[in-house]
Amino acid sequence: GVKIVTIGGGSSYTPELVEGFIKRYDELPVRELWLVDIEAGKEKLEIVGNLAKRMVAKAGLPIEVHLTLDRREALKGADFVTTQFRVGLLEARAKDEKIPLKYNVIGQETNGPGGLFKGLRTIPVILEICKDIEELCPEAWLVNFTNPAGMVTESILRYSNIKKVVGLCNVPIGMRMGIAKSLNVEPERVQVNFAGLNHMVYGLDTFVDGVSVQEQVIEAMANPDNALTMKNISGLSWEPDFIRGLGVIPCGYHRYYYKTDEMLQEEVEKAETEGTRAEVVQRLEKELFELYKDETLDIKPPQLEKRGGAYYSDAACSLINSIYNDKRDIQPVNTRNNGAIASIPEDSAVEVNCVITKDGPKPISVGDLPVAVRGLVQQIKSFERVAAEAAVTGDYNTALLAMTINPLVPSDKIAKQILDEMLEAHKEHLPQF
Ligand code: NAD
Ligand code: G6P
Ligand code: MN
């Protein structure tokens, strides 16, 4: 049987994952699921862990669910380690989103200054987890969901000895679903050639039953009713002629770069009314955990769909299933480029379609990206690399460099002001500085 360890097990997303393992049990016989959390997440772990136990019991499957605060105990002999933790919890995310807004800059917990700080808090922890994996379950695959997933994957490739790592995001699968809907065909018939970086991924071509329909998709995306987005991103529509000129399909997060001004105005307005996304999610989380506490609940409640991570379990469980069974199907994941995207270094993490084998993802070569998007992708890769270096070294100038080269930050002076205020606000989670 398979042993899975999930770090950050107290996440409200855990029932998604459990549902995914239950659905695939015949092909992927999970014997042990270890949910790991820390003292601060103990209560959440108990609540969500007990729901997980009820879900498994209802399905009548012999999956043992273990709840623990002892990561090293859990990791022994694991086959797959999934990570979905949040250093500093949603309180830290609220700071990531709010402090930059004071300087008229989008915070954004993965793309902007917020993403830099989420990375600075997260990378030292993931590198510790990597050391534990090396020692306690060296054969295991690490499936990272923790954001900023691109920067985190980059750090693992660059600063740990772990080679068996895959970064995951639900954006590509969400795009595929949205495209299928806009074409009015079943998602299973749609294939998208994805390439780029995490939260910076493009659909280079689209096929229905193997026939390219990219032009139709571009037209569909130019229609405001079809603009792709996620629950956590405002769905502002694109300039139709911009999309026609672009010729590739942008993801929801591209709005932060191509519509920076309108997105900033939206975030300012929301901060004053419903609060930033972290504050909305804090309320949503309370609601979810109230539901999870109900001992008669034994399925994943539909309210979880209000979170941005829809289809998370499909992405994670399909990936694990394909590695375990050497399925050789195609899935978009974050992995070492190995030349698949020209003009991105071979040893950097990219998000690209891969053939998923028992030896991991094999990225499918796409050649070069269209000239109009190439530069932005490279700029974000530079940001991720400099940010990762800052996280590892704790060097102030490197952190300032990362902040300044982020495209959402308009000047070195503002970068320094934001950096200084955020370093102070987050200092308890930044021992390296
Ligand atoms: P959350 O705030 O519920 O945190 C999950 C758990 O992590 C909490 O119970 C917390 O106590 C625990 N935790 C914190 N530090 C830890 C540590 N050092 N070791 C173990 N556990 C620790 O978070 P969430 O909203 O459920 O999101 C979880 C993570 O998944 C976040 O990093 C988020 O950005 C990410 N996420 C990624 C995607 C994607 O597309 N890749 C989608 C959604 C969420
Ligand atoms: C999307 C992204 C994730 C992100 C999430 C936020 O699904 O792919 O990387 O973390 O949304 O969702 P939330 O509900 O926490 O705002
Ligand atoms: Mn994501």
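These numbers were taken from a predicted model, which means no experiment stands behind them. One-based numbering, in listed order, for ligands and for the atoms of each. Atom set for the values below is all heavy atoms of this structure, side chains included, hydrogens, waters and symmetry mates excluded.
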Novice: How about Tyr103 and Glu421: does a side-chain donor come under 3.5 Å of a side-chain acceptor?
Specialist: yes
Novice: I'd like to know if the side chain of Thr357 reaches the main chain of Gly360, judged simply by a donor and an acceptor atom lying under 3.5 Å from each other, with no hydrogens or angles considered.
Specialist: yes
Novice: Atom 17 (C) of ligand 1: which protein heavy atom is closest, and how many Å away?
Specialist: Ile38 CG2, 3.6 Å
Novice: Kindly check if the number of other-residue, nucleotide or ligand heavy atoms within 6.0 Å of OH (Tyr311) is above 12?
Specialist: no
Novice: Checking Ser348 against Glu154: is there a side-chain donor and acceptor pair closer than 3.5 Å?
Specialist: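 Looking only at side-chain atoms, Ser348 and Glu154 do form a donor-acceptor pair, the distance falling under 3.5 Å.
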Novice: Nearest heavy-atom pair of Glu16 and Tyr312: which atoms, and what distance?
Specialist: OE1-N, 3.6 Å
Novice: Which ligand 1 atoms does Thr146 reach within 4.0 Å, using its non-hydrogen atoms?
Specialist: 32 (O)
Novice: Would you mind telling me if ligand 1 is within reach of the side chain of Lys118, the backbone, both or neither, using heavy atoms under 4.0 Å?
Specialist: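 Looking at Lys118 and ligand 1, just side chain atoms fall under 4.0 Å.
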Novice: List every atom of ligand 1 that sits less than 4.0 Å from any heavy atom of Tyr13, numbering the atoms from 1 in the order shown and giving each element.
Specialist: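 Result: 26 (O), 43 (C), 44 (C).
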Novice: At distances under 2.8 Å, what protein N, O or S atoms surround the Mn ion (ligand 3)?
Specialist: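 Those protein N, O or S atoms (cut-off: under 2.8 Å from the Mn ion (ligand 3)) are Cys169 SG, His199 NE2.
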Novice: Out of all atoms in ligand 1, which are within 4.0 Å of some heavy atom of Leu168? Include the element for each.
Specialist: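 What qualifies from ligand 1 is 39 (C), 41 (N).
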Novice: If you measure from atom 43 (C) of ligand 1 to every heavy atom of Phe85, Tyr312, Phe145, which option wins on shortest distance?
Specialist: Phe145
Novice: Taking only heavy atoms of Val125, which atoms of ligand 1 are found under 4.0 Å from at least one of them?
Specialist: 18 (N)
Novice: Please check if any side-chain donor atom of Glu266 sits under 3.5 Å from a side-chain acceptor atom of Ser234, or the reverse.
Specialist: yes
Novice: Taking non-hydrogen atoms within less than 4.0 Å of ligand 2, which protein residues qualify?
Specialist: Tyr13, Arg93, Glu109, Asn147, Cys169, Asn170, Val171, His199, Met230, Asn232, Tyr253, Arg277, Val281, Arg307, Gly308, Gly309
Novice: Using a 4.0 Å heavy-atom threshold (strictly under), name the region of Asn170 that reaches ligand 1: side chain, backbone, both or neither.
Specialist: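 Both of them.
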Novice: Answer yes if the side chains of Asn337 and Glu346 hold a donor-acceptor pair under 3.5 Å, and no otherwise.
Specialist: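 No, no side-chain donor-acceptor pair sits under 3.5 Å.
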Novice: Would you say Asp70 and Thr68 are linked by a side-chain donor-acceptor pair, where the criterion is simply a distance under 3.5 Å?
Specialist: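 Their side chains do not contain a donor-acceptor pair, so the 3.5 Å distance test is not met.
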Novice: CG of Asp225: more than 12 outside heavy atoms within 6.0 angstrom?
Specialist: yes
Novice: Quick one: look at Asn147 and ligand 1, take heavy-atom pairs under 4.0 Å, and tell me if it's side chain, backbone, both or neither.
Specialist: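 The part of Asn147 near ligand 1 is both the backbone and the side chain.
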Novice: Can you find an N/O atom of Leu89 closer than 3.5 Å to an N/O atom of ligand 1?
Specialist: no
Novice: Taking non-hydrogen atoms only, is Glu285 closer than 4.0 angstrom to ligand 1 via side chain, backbone, both or neither?
Specialist: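 Contact part for Glu285 vs ligand 1: side chain (C-beta onward).
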Novice: Short list, please: which atoms of ligand 1 are under 4.0 Å from a heavy atom of Gly41?
Specialist: 11 (O)
Novice: Check each heavy atom of Lys44 against ligand 1 and say whether those closer than 4.0 Å belong to the side chain, the backbone, both or neither.
Specialist: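 Side chain only.
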Novice: Can you find an N or O of Arg71 that's nearer than 3.5 Å to an N or O of ligand 1?
Specialist: no
Novice: Which of the atoms of ligand 1 are close to Gln84, meaning less than 4.0 Å from one of its heavy atoms?
Specialist: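 Result: 5 (C), 28 (C), 29 (C).
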